[in-house]
There are 2 protein chains.
Amino acid sequence: MVVKQLIRTPKELLQSPSFLLKRLGTIAKDRTVEAFDSAGATAYSYAVLAVLEEGTRETQATIADSLCYDRSYLVGLLDELEQRGLIERRRDPADRRRHVVSMTAAGRKELAKLRAVHESVDEELFAVLTASELKTLQALLAKLAAAQDPRYSD
Amino acid sequence: MVVKQLIRTPKELLQSPSFLLKRLGTIAKDRTVEAFDSAGATAYSYAVLAVLEEGTRETQATIADSLCYDRSYLVGLLDELEQRGLIERRRDPADRRRHVVSMTAAGRKELAKLRAVHESVDEELFAVLTASELKTLQALLAKLAAAQDPRYSD
DNA sequence: TATTGTTATACTCTATAACTATA
DNA sequence: TATAGTTATAGAGTATAACAATA
C-alpha cells in the first residue's frame, strides 16, 4: 500500500505570527463570504448596517472611513441597501452635497439576521479553542489592531 | 476650534475575533508586501525558498501544495528564481514528466536575506505586545490554524 | 478652489481551462 | 486514459481617475 506523504507548510512560516495572521485572515474571510452568500447577503452590507446602528447621523464619507472602504465602493453598497428598503438617503439641508444615511425598521430586522450569521461563523471558526483561550485571543487581537489603526481603538 | 470627530469601527465588529483576524491579516499582508518589495523580492519567493530548505527532493506539485499555491502560479515563481540562479530544475529520470527542484548556494544566501526581512516585519508588527503575550498569541494562532488545515499542524 | 457623492476606467489577482509530454 | 508542468484566457475584486453638484 502506498502511504501518501503528508504535505506540510514549512515550520519557518508556521512559527511566524504574521504568516499565521495572513492565513487565518484568509480562512476567516472565505468562511464569512460563504456564510453571508448562503444568507443572500454580504459581509459589506452587514458592516454598513452595524455602523448605522451606532448612530444615524452618519454621512457617506464617515461610513466609508469607519469601515476602511473606498467612498466610491460604498455607493454601490448603499444603492442595493436602499433598493431593498433597508436604509434611507436624504440630502442634508445644511450642506446639500451631503447625504444623511439612516437605517429603516426593515434594516434593523435585517441586521439582526446578519448578526446571527456572523456569530455562527465566529462560533464555528473558534470551536477548537476553550472559552478562556478565545477570550485571551480576542484581547490580544484587539490590542494589536488598536496599535495599528486608531479606528480600531475602544 | 473644530475638533474633528474620531471615526471608529463599530464595536460590534471589533469584538468579533474573525473580523479582527481578517483586518489584521490584511495589515500583515500589506506590510509584508511592502517590506519584500523594498528588498526587490516577494513573500512568495521567500516561501518557496523556505520550503526547499526543508528538503530538496521536492517536486513542483508538492511545493505548490505545501504553500496552498496553484500549480500554474508556481511556474512563474520558479521561472524567476531559476533565472536569478537561486534554484535549479532537473528532470526526474524516474518520471520524465516531473521536475525535481533544488536550491543553489545563491538561493540559500538569498533565503537568509529574505528571512531577515520577514523577521523585521514580525518584530515591527508585534512590537506592542510583550514577549509573553506574543508567545501566547503565536500558540493560539498555531492551534487554530492546525485545526483548519492539516498542512498547518506540527 | 475644494469637497461630496457618483460614474467610468484600468489594473491586479486569482481561478479555470486548455495544451504538451510523458506515463 | 491519467498526470506533471506549462501556457492562455476569463472573471472578480480593487484602486484610480474623471465628473457634476454644491460649498
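Here is the naming used below: chain letters follow the sequence lines, and residue numbers restart at 1 for every chain.
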**Student:** Working note: Asp92(A) + Arg97(A), criterion salt bridge (Lys or Arg N to Asp or Glu O under 4.0 Å); need CA distance, chi angles, decisive distance, verdict.
**Tutor:** CA-CA 7 Å; Asp92(A) 183 348; Arg97(A) 291 173 303 181; over 6 Å; no
**Student:** Should the pair Tyr46(B) and His118(B) be assigned to parallel (<30°), tilted (30 to 60°) or perpendicular (>60°) ring geometry?
**Tutor:**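 Ring orientation, 0 to 90° scale: tilted.
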**Student:** Give me, pair by pair, the N or O atoms of the protein and of nucleotides 21-23 of chain D that are less than 3.5 Å apart, along with how far apart they are.
**Tutor:**
unit_1: dA23(D); atom_1: OP1; unit_2: Arg96(A); atom_2: N; d: 2.9

**Student:** Ion pair present between Glu133(A) and Lys143(B), side-chain N to carboxylate O less than 4.0 angstrom?
**Tutor:** yes
**Student:** Starting at atom CD of Gln60(B), determine the distance to atom P of dT7(D), rounded to an integer number of angstrom.
**Tutor:**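 Atom CD in Gln60(B) sits about 10 Å away from atom P in dT7(D).
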**Student:** Go through the steps to decide whether Arg23(B) and Arg151(A) satisfy the test side-chain contact (heavy atoms from CB on, under 4.5 Å), and finish with yes or no.
**Tutor:** CA-CA 12 Å; Arg23(B) 287 303 173 93; Arg151(A) 256 173 283 225; over 6 Å; no
**Student:** Which ones in residues 25-48 of chain B lie close to DNA chain D, meaning a heavy atom under 4.0 Å from one of its atoms?
**Tutor:** none
**Student:** Between Arg98(B) (CZ) and dT6(D) (C1'), how many Å, whole number?
**Tutor:** 16 Å
**Student:** I'd like to know whether Gln60(B) forms a side-chain contact (heavy atoms from CB on, under 4.5 Å) with Arg71(B), so could you lay out the CA-CA distance, the side-chain angles of the two residues, the decisive distance to 0.1 Å, and finally the verdict.
**Tutor:** CA-CA 7 Å; Gln60(B) 294 191 200; Arg71(B) 297 179 186 192; over 6 Å; no
**Student:** Quick check: is Ile87(A) connected to Tyr73(A) through a chain of hydrophobic side chains (ILVMFWY, heavy atoms under 4.5 Å apart)?
**Tutor:** yes
**Student:** Indicate whether any N or O donor in one side chain lies under 3.5 Å from an N or O acceptor in the other, for Arg8(B) and Ser153(A).
**Tutor:** yes
**Student:** Restricting to salt bridge (Lys or Arg N to Asp or Glu O under 4.0 Å), what partner residues turn up for Asp70(A), sequence neighbours left out?
**Tutor:**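 Asp70(A): no salt bridge (Lys or Arg N to Asp or Glu O under 4.0 Å) contacts found.
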**Student:** Hey, does the side chain of Thr104(A) reach the backbone of Leu86(A) with a donor-acceptor pair shorter than 3.5 angstrom?
**Tutor:** yes
**Student:** Which is the 5'-most and which the 3'-most nucleotide of DNA chain C that has an atom under 4.0 Å from a heavy atom of chain B?
**Tutor:** dT14(C) to dA23(C)
**Student:** For a side-chain contact (heavy atoms from CB on, under 4.5 Å) check, start with the C-alpha distance between Leu74(A) and Val48(A), then their side-chain angles and the critical distance, and finish with the verdict.
**Tutor:** CA-CA 9 Å; Leu74(A) 186 69; Val48(A) 170; 3.9 Å; yes
**Student:** Short of 4.0 Å, heavy atom to strand atom, which residues of residues 72-81 of chain A count as contacting DNA chain C?
**Tutor:** Ser72(A), Val75(A)
**Student:** May I have the list of side-chain donor-acceptor pairs in residues 105-112 of chain A shorter than 3.5 Å, sequence neighbours left out?
**Tutor:**
unit_1: Glu110(A); atom_1: OE2; unit_2: Arg84(A); atom_2: NH2; d: 3.1

**Student:** Evaluate the criterion side-chain contact (heavy atoms from CB on, under 4.5 Å) for residue pair Arg91(B) and Arg98(B); output intermediate values, then yes/no.
**Tutor:** CA-CA 6 Å; Arg91(B) 287 269 169 210; Arg98(B) 299 189 172 197; over 6 Å; no
**Student:** If you draw a 6.0 Å radius around CG in Asp154(B), do more than 12 non-hydrogen atoms from other residues or ligands fall strictly inside?
**Tutor:**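 No, because the 6.0 Å sphere around CG of Asp154(B) holds 12 heavy atoms or fewer from other groups.
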